[in-house]
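Remember, it's 1-based here, ligands and their atoms both numbered in the order they're listed.
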Amino acid sequence: MRTRLFLPTVWLALASLTHAAETVWLDALDLSQMTQGWGTPQTNRSIREQPLAIGGRKFERGVGTHAISTARMELDGGSERFLAFVGVDDNANGPASIVFKAIADGRILWQSGVMKPGDPAKAVDLDLRSVKTLLLQVGDAGDGVSYDHANWAEARFIVSGAKPRIVGVPVEPAIILTPKPGPAPLINGPTIYGCRPGNPFLYRIPTQGQRPMIFSASGLPRGLKLDSATGIITGSIAERGEYRLTLRAKNQHGRSSRPFKIVCGDTLSLTPSMGWNHWYAHYDRITDAMMREAADIMVSSGMADVGYQYVSIDDCWMNAARHQDPMRVGPLRDERGNIVPNKYFPDMKAMTAYIHAKGLKAGIYTSPGPRTCAGFAGSYQHEAQDAKQFAEWGFDLLKHDWCSYGQIARDDKSPDMFQKPYRLMGDLLKQQQRDILLNLCQYGMGNVWEWGAEVGAQSWRTSGDLGFELNNIFNVALKNAEHRAWSRPGSWNDPDYIQIGHIGNARVGGLPAPCPLTPTEQYSFMSLWCLMAAPLFYSGDLTQLDEFTLNVLCNPEVIEVNQDPLGQCARVIELDEATLIMVKDLADGAKAVGLCNRGEMETTVTARWADLGIKGKPRVRDLWRQKDLGRFAGEYRAIVPRHGVVLVKVK
Ligand code: GLA
């Protein structure tokens, strides 16, 4: 009797064990749903398409990937164990540093610690019973993703039931959070504005509401005039000084007023510059016609009504010695050494005049080297001539790249070799009879934030091209925020352009298509850039703006955080691996607070007033929804989605 009962039980147990022995290799799964920072996931070879090797040990099987990468696995209760060897691939050829992580249902189950090239492979052996969703992640260990070639070698699941599947990022609906602006006027934009004495003045009062509208201003300094129908202020102020104005607008639905202080002196860009730049949408396809169309849309879409102002051309407006499009090939300079725009730009002066007539400003691009990053004519040894030319053409902003200047600087051992080309251009721009902003684009070399303002720039990129790191906007933002001490009126850290809506693929300079960011990530992009007081340049395709993208770009309460006259970049309070608070002091005594979740799972984030230096029971306002949430004692907590930021104002 006993034996008869016992035998089948053993047999069943043995049978299930045999069943459990099924091995499912990670490299045999559909890797197309994995996300990663560079390249595509490789089966049984490294990201460089070489045999997998870690610390001198070769592996036949596995997945070669690149930080930051995530394989989101649905296990459906069928997996018992996960086994692998991980490490930096031996062919990385550079200063990589990586952290591998396994996150089970939102909880870190295992992590490798920082791994560097040459480190021996680390063995992973995880118990997965009761795990539903497993994330296999490769992080950049905090120093950027360069050379972070990561291997999940011999990675496999021991499966007793359903097979593991790699699934994509959960699909989210694109929800419009912000109420539509009403028909009554609402004046937006900065409350403080810098200009230089004697130079042309141009400011279009950013105002939402139905046209026609009548604009007026009190306190307008001598030399300026306001067009009451368009709200465009032009002229020139001769005397240095501070001028306090009240701007007003009215229409049949109501009226609006806003204080506006003009500081006529040496400092430009008292708040971060705002506009559009063509790069991430149109690369080497940009034309004069597209620039004019961009100016048209900046007004017709309502972007100019919330403060977007600069219409900026990037690289590729000049000639190149070689290019697939013969219209962009021609003499780099004329017989007098003047730079020659390519055939798509027949009349630069007419183009800027077109932009200016709308009350907007025009931006241009060059490189201190002989060639730009895309191989077009640069300004090397023609700096004075070019600065004068840009001013004569009527440009109001110059983006100054680096690229081929590396060849010039290579033999320069002087301590100020990074500053030199920018100091030169900064001085030259100051000599022009125009207010021309200078934006440095040298990716943060030589701690540019420490000397950017001193050499005459108003902003400087703090890192490489964000177009290559779009799955990494939190990291890029946090690195940028490390330089918060240098953020102040006239001096801004620039983490690169806003890339939401339709953008091209930066790697191949592709045609604009929907960006890879989820709706939540697109809101986060804007929230982070506003909290950091970063220059706000949209760099997507304006001709494909949809309601969602416009909603993210054009919420005046969110933009007001960016344009706050104190010019502070938010302080970061890290709470745990995934969550953090960003807090920015505002001029009116309130604070803008971002409750941030970098993690892969929705979670609750708590902003404790004590950590934020807030006393009493302040009012909390949801800035995206433009809605008061009430008074809160001690703390405010919110459920924050994957890669989300809940942005509130606390007063
Ligand atoms: C560099 C810059 C980009 C863009 C391109 C143009 O990569 O960082 O922002 O200007 O050059 O070639």
Would you say Arg461 has any N or O atom under 3.5 Å from an N or O of ligand 1, going by distance alone?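 Yes.
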
Hey, does Lys399 come in under 3.5 Å of ligand 1, counting only N/O atoms on both sides?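 The answer is yes, given that Lys399 and ligand 1 share an N or O pair closer than 3.5 Å.
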
Subset of ligand 1 atoms that lie under 4.0 Å from at least one heavy atom of Cys441: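 What qualifies from ligand 1 is 2 (C), 8 (O).
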
Atom indices of ligand 1, in the order listed, that fall short of 4.0 Å to a heavy atom of Ala374: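 Heavy-atom distances to Ala374 below 4.0 Å select 12 (O).
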
Among all the protein's non-hydrogen atoms, which is closest to [atom], and how far away is it?
atom                    : value
atom 1 (C) of ligand 1  : Asp401 OD2, 3.1 Å
atom 12 (O) of ligand 1 : Asp315 OD2, 2.7 Å
atom 8 (O) of ligand 1  : Asp465 OD1, 2.5 Å

Should [X] be listed as contacting ligand 1, given a heavy-atom distance under 4.0 Å as the test?
X      : answer
Asp314 : yes
Tyr365 : yes
Tyr443 : yes

Asp296 and Lys358 ion-paired at < 4.0 Å: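 A salt bridge links Asp296 with Lys358.
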
When you check the gap from the basic side-chain N to the acidic O, do Arg434 and Asp396 get nearer than 4.0 Å?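 Salt bridge: yes.
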
Give the ring-plane orientation class for His66 versus Trp38, where under 30° counts as parallel, over 60° as perpendicular and anything between as tilted.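 Tilted: the ring planes of His66 and Trp38 meet at 30° to 60°.
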
Check the angle between the aromatic planes of Trp402 and Phe418 and answer parallel, tilted or perpendicular using the 30° and 60° thresholds.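 It falls in the tilted class, 30° to 60°.
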
Has the side chain of Gln36 got a donor or acceptor atom that lies under 3.5 Å from a matching backbone atom of Ala67?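 No, because the side chain of Gln36 does not come within donor-acceptor range (under 3.5 Å) of the backbone of Ala67.
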
State the SG-CH2 distance between Cys569 and Trp486, to the nearest 0.5 angstrom.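 Here the interatomic distance stands at 11.5 Å.
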
With a 6.0 Å cut-off (strictly less than), is the heavy-atom count around CH2 of Trp624, excluding the residue itself, greater than 12?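 Enclosed: over 12 neighbouring heavy atoms sit under 6.0 Å from CH2 of Trp624.
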
Of the backbone atoms (N, CA, C, O) and the side-chain heavy atoms from C-beta on, which set of Asp496 has a member under 4.0 Å from an atom of ligand 1: side chain, backbone, both, or neither?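 Looking at Asp496 and ligand 1, no heavy atom falls under 4.0 Å.
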
So which heavy atom on Thr271 is nearest to which on Gln563, and how close?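 It is OG1-OE1, 2.6 Å.
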
